[in-house]
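Take a look at the structure below.
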Amino acid sequence: MKFNVPSKTLSGFVSAVSKVINSKNPLTILNNFLFVLEEDTLTVKASDSENSLVARLDVTGTEGEGSFCLDARRIVELLRELPDQGITFDINDENLEVKISYSSGDYSTVGINGREYPEPEQAYEGERLSFVCPTEVVMKGIENTLFAVGTDDLRPQMMGILWDVKPDHIVFVATDTRKLVKFTNSLVQPQCECSFILPLKPATVLKNVFAKEDSIKVTVSERNVRFESSSYIFDCRLIKGNFPPYERVIPAGNPYTLTIDRQSLINSLRRVCVFGDDGNGLVKFKLSADNLTLRAQDSSYGTSGLESLPCQYDGAELLIGFGAPYLLEIFNTLSTPDVMMKLADPSHAAICLPAENAPGTELLMLLMPMHIVD
């Protein structure tokens, strides 16, 4: 086998595909890329036994067809350092010696027979549903929910992002019991109905690899989901079980509304929490007409911080506590200049919202308050 390919083009694809590889793969061969040459198309595959990512690219100067495996770490590092020019792969079909050459250098290694690379199990048996989604819809769904994914092994259904697909919109949901994010996008109309929980790792890979693609075809089966674009095919194992009924925990009518400049609130939170308790990150919100007072303290070290901010507040005077790290995650994810908090009392969840949603979307973030003694 033989083929030519621009080094930077191949480098970009193998770097993307390598994001699937697990540093603790149960099978040694999964530390390799599988290269398959068919006519003028080269596919590069990586897998961690539960997820697999395939990149497709055009090559020139092809001779023969076949497959071989190369050590992923070594080939990624080599391509990263090569100058931007054409390189030639020449593979001896008998002993799988692989020669990689360009205008001023030659490298040699030994590959593994491509037939030894494990084939995926037949995971797409039974009913399958497919729909095409603009890439921007997928990226926004993941970006707005990824930080709220749970990490508790005892609640595996929360360790991923729920895709609640309806005929005329998609709802992306994530929760770790302390916070919950619900992002609804009606700019896409899948014309089908299904739901699945995408684990954290595949969601991160999808966000990093597919961002520049025009659209993504999503194919869902009982246990797996496939994301396909013009350049990549990504197969993921889904999380089993049912996602918690998220609509039930969203308060129907918190009566008090706080509207405030987002960046000013973020800056004040960062300063105040420096003098608070690192263990719980508690910041107390004291709300009165047109004024928000933030206070944090650490009695163990005798430190405290206090700041006042102008705001718009419609409600009774209120003292309520929140974990600063959770608030910062929420307000850093929101992007509007002003943000809103819908509040009730110190024992009920607060609803955090952008001051204005982008057309065709609705973003809602829920945060449970912390118990305070004042």
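Using a 4.0 Å cut-off between charged nitrogen and carboxylate oxygen, Lys140 and Glu136 do not count as a salt-bridge pair. Taking 4.0 Å as the cut-off between side-chain N and carboxylate O, Glu222 and Lys240 do not count as a salt-bridged pair. In this structure, Lys8 does not pair ionically with Asp84, as no charged nitrogen and carboxylate oxygen lie closer than 4.0 Å.
With hydrogens and angles left out, the side-chain atoms of Ser130 and Thr219 include a donor and acceptor closer than 3.5 Å. Counted by atom type alone, Gln157 and Arg155 present zero donor-acceptor pairs between their side chains at under 3.5 Å. Side-chain contact of Glu307 with Ser268: a donor-acceptor pair under 3.5 Å is present, judged by distance alone. For the residue pair Ser229 / Glu213, a side-chain donor-acceptor distance below 3.5 Å is found, with atom types taken as modelled. Checking Asp345 against Ser347 by side-chain atom types alone, a donor-acceptor pair falls below 3.5 Å. Between the side chains of Lys99 and Ser108, not a single donor N or O lies within less than 3.5 Å of an accepting N or O. Asn4 and Thr88 share a donor-acceptor pair across their side chains, judged by distance under 3.5 Å alone. Side-chain contact of Glu143 with Thr333: a donor-acceptor pair under 3.5 Å is absent, judged by distance alone.
Closest heavy-atom contact between Ser15 and Val76: OG-CG1, 4.3 Å. The two residues Thr293 and Leu306 make their nearest non-hydrogen contact at CG2-CG, 3.9 Å. Considering all non-hydrogen atoms of both residues, Thr43 and Arg56 come closest at CG2-CG, 3.7 Å. Nearest heavy atoms, Leu343 versus Ala350: CD2-CB, 3.4 Å. Smallest separation of non-hydrogen atoms from Leu353 and Leu363: CD2-O, 3.5 Å. Among all heavy-atom pairs drawn from Gly160 and Val149, the shortest one is N-CG1, 3.4 Å.
Looking at heavy atoms from C-beta onward, Phe234 lies in side-chain contact with Val205 at the 4.5 angstrom threshold. Using a 4.5 Å heavy-atom threshold, the side chains of Leu318 and Lys286 count as separate. Side chains of Lys19 and Leu53 form no contact here, defined as non-hydrogen atoms less than 4.5 Å apart. Side chains of Val173 and Ile161 form no contact here, defined as non-hydrogen atoms less than 4.5 Å apart. Inter-residue side-chain proximity for Glu65 and Glu39 is flagged as met; some heavy-atom pair is nearer than 4.5 Å. Looking at Ser288 and Tyr313, their side chains never come closer than 4.5 Å, going by heavy atoms from C-beta outward. Using a 4.5 Å cut-off on side-chain heavy atoms (C-beta onward), Pro251 and Leu366 make contact. Within the 4.5 Å cutoff, the side chain of Leu198 has heavy atoms near those of the Cys236 side chain.
More than 12 non-hydrogen atoms from other residues, nucleotides or ligands lie less than 6.0 angstrom from NZ of Lys201. At most 12 heavy atoms of other shown residues, nucleotides or ligands fall within 6.0 angstrom of atom CG in Asp214. In Arg271, the CZ atom is crowded: over 12 heavy atoms of neighbouring residues, nucleotides or ligands sit closer than 6.0 Å. Surrounding CD of Glu247 are more than 12 heavy atoms belonging to other residues, nucleotides or ligands, all under 6.0 Å away. Atom CG of Asn242 has 12 or fewer neighbouring heavy atoms from other residues, nucleotides or ligands inside a 6.0 Å radius.
In this structure, Met159 CE and Leu154 CG are separated by 9.5 Å, a value rounded to the nearest 0.5 Å. Rounding to the nearest 0.5 Å gives a distance of 6.5 Å between CG of Leu30 and OG of Ser49. The structure places CG of Leu364 at 12.0 Å from CZ of Phe183, a figure rounded to the nearest 0.5 Å. The structure places SG of Cys69 at 10.0 Å from NZ of Lys45, a figure rounded to the nearest 0.5 Å. Atom CE of residue Met340 and atom OG1 of residue Thr257 lie 5.0 Å apart, to the nearest 0.5 angstrom. Summarising the geometry, atom OG1 belonging to Thr259 is positioned 9.0 Å from atom CG belonging to Asp314; distances are rounded to the nearest 0.5 Å.
Phe227 and Trp163 have their aromatic ring centers within a separation under 6.0 angstrom. Taking the six-membered ring for Trp, Phe275 and Tyr301 have ring centres at least 6.0 Å apart.
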Take Phe35 and Met1 through the side chain to side chain contact (heavy atoms under 4.5 Å, CB included) test and state the conclusion after the steps. CA-CA 11 Å; Phe35 291 83; Met1 287 178 286; over 6 Å; no
Could you please spell out the steps behind the side chain to side chain contact (heavy atoms under 4.5 Å, CB included) verdict for Val132 and Ile216? CA-CA 6 Å; Val132 177; Ile216 301 172; over 6 Å; no
Residue pair Thr303, Gln297: steps toward the side chain to side chain donor-acceptor pair (under 3.5 Å) verdict: CA-CA 6 Å; Thr303 61; Gln297 61 183 20; over 6 Å; no
Determine, stepwise, if the pair Lys179 / Met365 fulfils side chain to side chain contact (heavy atoms under 4.5 Å, CB included). CA-CA 7 Å; Lys179 55 187 180 290; Met365 301 187 180; over 6 Å; no
Applying side chain to side chain contact (heavy atoms under 4.5 Å, CB included), run through Asp235 and Val225 and close with a yes or a no. CA-CA 6 Å; Asp235 290 291; Val225 60; over 6 Å; no
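A continuous path of ILVMFWY side-chain contacts below 4.5 Å connects Tyr256 to Ile260, so both sit in one hydrophobic cluster. Met368 and Ile320 are members of different hydrophobic clusters when ILVMFWY side chains are connected at heavy-atom separations under 4.5 Å. Both Val283 and Leu287 belong to a single network of hydrophobic side chains, linked directly or stepwise wherever heavy atoms of I, L, V, M, F, W or Y lie under 4.5 Å apart. Cluster annotation: Ile233 and Val138 are assigned to distinct hydrophobic clusters (Ile/Leu/Val/Met/Phe/Trp/Tyr, side-chain heavy-atom contacts under 4.5 Å, transitive). By the criterion of side-chain heavy atoms lying less than 4.5 angstrom apart, applied directly or through intervening Ile, Leu, Val, Met, Phe, Trp or Tyr residues, Phe68 is grouped together with Leu37 in one hydrophobic cluster.
Side-chain N or O atoms of Asn32 include one that pairs as donor or acceptor with a backbone N or O of Ile29 at under 3.5 Å. Judged purely by atom type and a 3.5 angstrom limit, Arg262 uses its side chain to pair as donor or acceptor with the backbone of Thr336.
Of the candidates Asp40, Val44, Thr41, Val44 is the only one forming a side chain to side chain contact (heavy atoms under 4.5 Å, CB included) with Leu57. Applying the side chain to side chain contact (heavy atoms under 4.5 Å, CB included) test between Thr109 and each of Leu96, Val98, Asp71 identifies Val98 as the sole match. When the options Leu27, Leu34, Val36 are evaluated for a side chain to side chain contact (heavy atoms under 4.5 Å, CB included) with Tyr117, the one that passes is Leu34. Each of Tyr107, Tyr102, Phe3 was checked for a ring pair (Phe, Tyr, Trp, His ring centres under 6.0 Å) with Phe89, and the lone residue meeting it is Phe3. Partner of Tyr246 under the side chain to side chain contact (heavy atoms under 4.5 Å, CB included) criterion, out of Thr175, Val181, Asp164: Asp164 alone.
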